[in-house]
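Below is one structure; the comments refer to it alone.
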Amino acid sequence: MFEEEEICPYTGLRSFTEEESLYFKGREEDIDQATVQLQKNKFLMLTGASGDGKSSLIYAGIIPNARSGFLKSKFTNWCVADFRPERTPFYNLCKSIAKQLDIANPNSVQAELNHGFSAIIDLYKNSKRHIDTNSMVWQRADDAGKAALKREAANLIILVDQFEEFFTNPENYNKGVPSADANLVLNLLLETARIALDEDLPIYIVFTMRSDYIG
């Protein structure tokens with residue numbers, strides 16, 4: 001006889017992960033409300049006190065909701081470019097985007113994102129994650145080719161976890177003045193959300209932040 005392995009559904013002080021979403025209970029109304037807001041605005045700022053489950057709500061709630069089809073979007077696949085600002089927010093953003101858009105060299109992403117605040121949109125449109133049905137590539141593809149393109153296509157969530165690190169790390173915010181990198185990242189993300197909403201692109205921006213830093 002094999003003994004059943006018991007799984008503890010509680011994670012202690014750390015956040016729930018996406019793989020542990022099955023055990024994340026009791027926040028269904030919050031998940032549904034956040035999903036509706038994200039679908040409507042392409043942007044979500046999730047605030048709350050330290051330790052009240054902001055990251056768990058995202059990783060074990062909203063993201064699994066999206067993958068299950070409750071966040072209705074253009075494609076069936078989802079890519080999540082998640083990062084913490086830490087002391088190098090621009091590099092961390094570039095590295096995460098490069099990974100999710102399958103760009104081999106993060107340095108090339110850095111170069112592109114320095115060209116303008118709409119650069120994330122441009123990178124996404126030119127990646128395999130996006131399908132332009134008006135393009136010659138799509139129109140000339142046979143059924144098998146179109147199916148292959150659809151398998152690579154994906155909606156994109158850019159998640160900035162612990163947004164308050166833009167203020168708590170002196171490299172990002174010193175003597176009341178944000179750094180050039182911090183300014184660049186914020187402008188890139190806000191412009192991305194604006195363009196995604198205007199053009200109905202399947203790109204979504206999510207911030208989590210401790211509520212005591214709202215002021």
Side-chain angles (χ1 to χ4, degrees), residues 17-19 21 38-39 42-44 55 58-60 62-86 88-163 181 184-208:
T17 65
E18 187 176 345
E19 291 73 23
S21 61
L38 186 57
Q39 182 169 328
K42 308 283 187 178
F43 178 84
L44 176 68
S55 296
I58 298 294
Y59 284 106
I62 294 174
I63 292 174
N65 234 26
R67 295 196 195 279
S68 299
F70 294 103
L71 176 52
K72 295 176 176 59
S73 198
K74 186 172 183 179
F75 305 117
T76 56
N77 297 325
W78 288 85
C79 288
V80 181
D82 58 332
F83 72 100
R84 283 177 52 182
E86 297 176 325
T88 54
F90 183 56
Y91 173 75
N92 292 350
L93 168 66
C94 293
K95 184 172 67 173
S96 185
I97 287 178
K99 180 179 179 182
Q100 295 305 319
L101 297 187
D102 199 20
I103 299 172
N105 186 1
N107 292 330
S108 66
V109 175
Q110 287 183 281
E112 289 294 328
L113 296 193
N114 272 304
H115 287 164
F117 297 150
S118 63
I120 293 176
I121 296 288
D122 296 335
L123 279 175
Y124 174 75
K125 284 182 174 179
N126 292 319
S127 76
K128 64 177 67 175
R129 304 305 179 205
H130 178 65
I131 295 176
D132 180 2
T133 54
N134 295 317
S135 69
M136 294 301 294
V137 172
W138 176 261
Q139 292 179 2
R140 289 177 177 175
D142 57 15
D143 290 345
K146 288 179 178 178
L149 290 171
K150 287 180 179 180
R151 284 195 294 271
E152 296 284 358
N155 314 303
L156 175 65
I157 293 177
I158 301 176
L159 167 60
V160 187
D161 198 16
Q162 300 190 29
F163 180 82
D181 273 6
L184 177 58
V185 170
L186 292 179
N187 283 317
L188 280 164
L189 294 175
L190 293 175
E191 185 68 0
T192 297
R194 185 191 68 80
I195 297 173
L197 186 61
D198 287 348
E199 299 185 10
D200 195 25
L201 292 168
I203 303 176
Y204 305 83
I205 308 297
V206 179
F207 294 162
T208 70

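Residue numbers count from 1 along this sequence.
The two residues L113 and L184 have their closest heavy-atom pair at O-CD1, 4.0 Å. Contact detail for E112 and L123: the closest heavy-atom pair is CG-CD2, 4.0 Å.
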**Item:** Check against side chain to side chain contact (heavy atoms under 4.5 Å, CB included), I120 and L189
**Value:** CA-CA 8 Å; I120 293 176; L189 294 175; 4.1 Å; yes
**Request:** Could you give me the CA-CA distance, side-chain angles and deciding distance for T208 and L159, then say whether side chain to side chain contact (heavy atoms under 4.5 Å, CB included) is met?
**Result:** CA-CA 8 Å; T208 70; L159 167 60; 4.2 Å; yes
**Item:** Chi angles and distances behind the side chain to side chain contact (heavy atoms under 4.5 Å, CB included) call for F83, V160
**Value:** CA-CA 5 Å; F83 72 100; V160 187; 3.6 Å; yes
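Under the ring-ring contact (aromatic ring centres under 6.0 Å, His included) criterion, F117 pairs with no residue at all, not counting sequence neighbours. Among residues two or more places apart in sequence or in another chain, the side-chain hydrogen bond (donor to acceptor under 3.5 Å, both in side chains) test is passed with N65 by T35. Listed by chain and number, the residues in a ring-ring contact (aromatic ring centres under 6.0 Å, His included) with Y91 amount to none (sequence neighbours excluded). Considering only residues two or more places apart in sequence or on other chains, D102 meets the salt bridge (Lys or Arg N to Asp or Glu O under 4.0 Å) condition with K128. Taking the side-chain hydrogen bond (donor to acceptor under 3.5 Å, both in side chains) definition, one finds that N92 meets it with E86, T88, sequence neighbours left out.
Each salt bridge (Lys or Arg N to Asp or Glu O under 4.0 Å) pair with one or both residues in residues 135-162, not counting sequence neighbours, appears once here: R129-E152. Pairs of residues two or more places apart, or lying in two chains, that qualify as ring pair (Phe, Tyr, Trp, His ring centres under 6.0 Å) and include a residue from residues 121-155 are Y124-H130. The side-chain hydrogen bond (donor to acceptor under 3.5 Å, both in side chains) pairs that include a residue from residues 70-82 are Y59-D82, S73-N155, S73-Y204, where partners are two or more places apart or lie in different chains.
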Could you list the donor-acceptor pairs under 3.5 angstrom formed between side-chain atoms of residues 194-201 and any protein atom two or more places apart in sequence or on another chain?
| unit_1 | atom_1 | unit_2 | atom_2 | d |
| --- | --- | --- | --- | --- |
| R194 | NE | E191 | OE1 | 3.1 |
| R194 | NE | E191 | OE2 | 3.4 |
| R194 | NH1 | D198 | OD2 | 2.8 |
| R194 | NH2 | E191 | OE2 | 2.6 |
| E199 | OE1 | K125 | NZ | 2.8 |

